[in-house]
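One structure is given here, and the rest of the page talks about it.
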Amino acid sequence: MNRRLVILLGVAVVLGGIYAATQLGGSGDTVRAIAPGGAAAPSGPVRTPAIAQEEGPFLPPMSSFQAIESRPLFRADRRRPAVVVEQPVQTPVQTPVTNDGPPDLIVVSVVTGPNGRSAATIRQGDETRRVYAGDTVDGWRIDAIHPDGVEISRNRERWALPVGEPEE
């Protein structure tokens, strides 16, 4: 016999002995108690109490909840009245139009989702933000987002900005 077979047979004998001891060793409704902290263990088996079974519905009938039933949560008279909030209208800051070169925007990345909708990450100075087609950045409207860059326009001026830092 090889060594693996001897080990396998030994494990099978031990497991068979444990199974026989648990099935044939006594009644299944007793539990042996182990006393904690060195105290004397009770003599004899300890019986576990039977679990009580309840009959009937889990909750009492609705008529026993009169206080809750007379005050429903979503009644219109329990809501607070609406309050009118007036906020001043902020006028957008107009940036001067310069036609001497491309805008100071850097397209950091372009992402296209599974539904075909694209987003671009644009950096302007110290601020980086995500934009979609139709958004406005510093007065420049994002006309289209392509995998290799972004098309922007302001008044009659149009630019195609590639992804990445501008070459100087």
Side-chain angles (χ1 to χ4, degrees), residues 2-5 7-12 14-16 18-19 22 28 31 36 48-168:
N2 78 22
R3 188 168 183 223
R4 288 184 189 172
L5 185 59
I7 292 173
L8 184 62
L9 287 175
V11 170
V14 170
L15 290 177
I18 292 173
Y19 177 75
T22 56
V31 175
T48 57
I51 297 174
Q53 298 293 325
E54 294 184 23
E55 298 291 329
F58 181 68
L59 292 175
M62 266 313 266
S63 60
S64 63
F65 298 105
Q66 289 298 323
I68 296 172
E69 192 173 296
S70 65
R71 247 183 8 162
L73 181 61
F74 297 106
R75 252 186 11 213
D77 61 340
R78 291 199 57 178
R79 294 189 185 123
R80 287 187 273 157
V83 178
V84 177
V85 177
E86 293 185 23
Q87 295 179 347
V89 178
Q90 297 178 355
T91 58
V93 177
Q94 296 292 332
T95 57
V97 178
T98 58
N99 293 333
D100 55 349
D104 188 25
L105 301 175
I106 298 171
V107 181
V108 177
S109 65
V110 173
V111 179
T112 303
N115 59 357
R117 188 167 185 216
S118 298
T121 305
I122 293 185
R123 183 172 58 220
Q124 178 188 20
D126 294 336
E127 182 184 1
T128 303
R129 59 186 257 195
R130 183 179 330 146
V131 294
Y132 301 96
D135 289 352
T136 304
V137 178
D138 195 30
W140 293 93
R141 183 177 189 279
I142 309 296
D143 292 328
I145 300 175
H146 303 291
D148 58 344
V150 175
E151 291 181 15
I152 61 173
S153 66
R154 176 166 60 185
N155 298 333
R156 294 183 180 182
E157 201 175 352
R158 292 183 58 89
W159 289 90
L161 302 176
V163 175
E165 298 283 337
E167 295 179 6
E168 295 183 28

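We use all heavy atoms of the structure for the numbers below, so side chains are in, but hydrogens, waters and symmetry mates are not.
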Original post:
Just one of Ile142, Asp135, Ile106 clears the side-chain contact (heavy atoms from CB on, under 4.5 Å) bar with Ile122, so which one?
Top reply: Ile142
Subject >> Smallest separation among heavy atoms of Gln124 and Asp138, with atom names >> reply: NE2-OD2, 2.8 Å
Original post:
Do Glu157 and Trp140 pass the side chain to side chain contact (heavy atoms under 4.5 Å, CB included) test, and can you show the C-alpha distance, the side-chain angles, and the key distance before you say yes or no?
Top reply: CA-CA 9 Å; Glu157 201 175 352; Trp140 293 93; 3.7 Å; yes
Original post:
Roughly how far, to the nearest 0.5 Å, is OG of Ser118 from OH of Tyr132?
Top reply: 10.5 Å
Original post:
Closest heavy-atom contact between Ser153 and Arg158?
Top reply: CB-CG, 3.9 Å
**OP:** Apply salt bridge (charged side-chain N to carboxylate O under 4.0 Å, His left out) to Arg141 and list each qualifying residue two or more places apart in sequence or on a separate chain.
**Re:** Asp143
Subject >> Qualifying residues under side chain to side chain contact (heavy atoms under 4.5 Å, CB included), relative to Asn115, sequence neighbours excluded >> reply: Arg117
Original post:
Which residues satisfy the side chain to side chain contact (heavy atoms under 4.5 Å, CB included) test with Thr121, sequence neighbours excluded?
Top reply: Val108, Ser109, Thr128
Original post:
How would you list, by chain and number, every residue that makes a side chain to side chain contact (heavy atoms under 4.5 Å, CB included) with Ala144, sequence neighbours excluded?
Top reply: His146, Glu151
Subject >> Contacts of type side chain to side chain contact (heavy atoms under 4.5 Å, CB included), residue Val163, not counting sequence neighbours >> reply: Val107, Val110
**OP:** Measure the spacing between CD1 of Ile145 and CG of Leu161 and express it to the nearest 0.5 Å.
**Re:** 11.5 Å
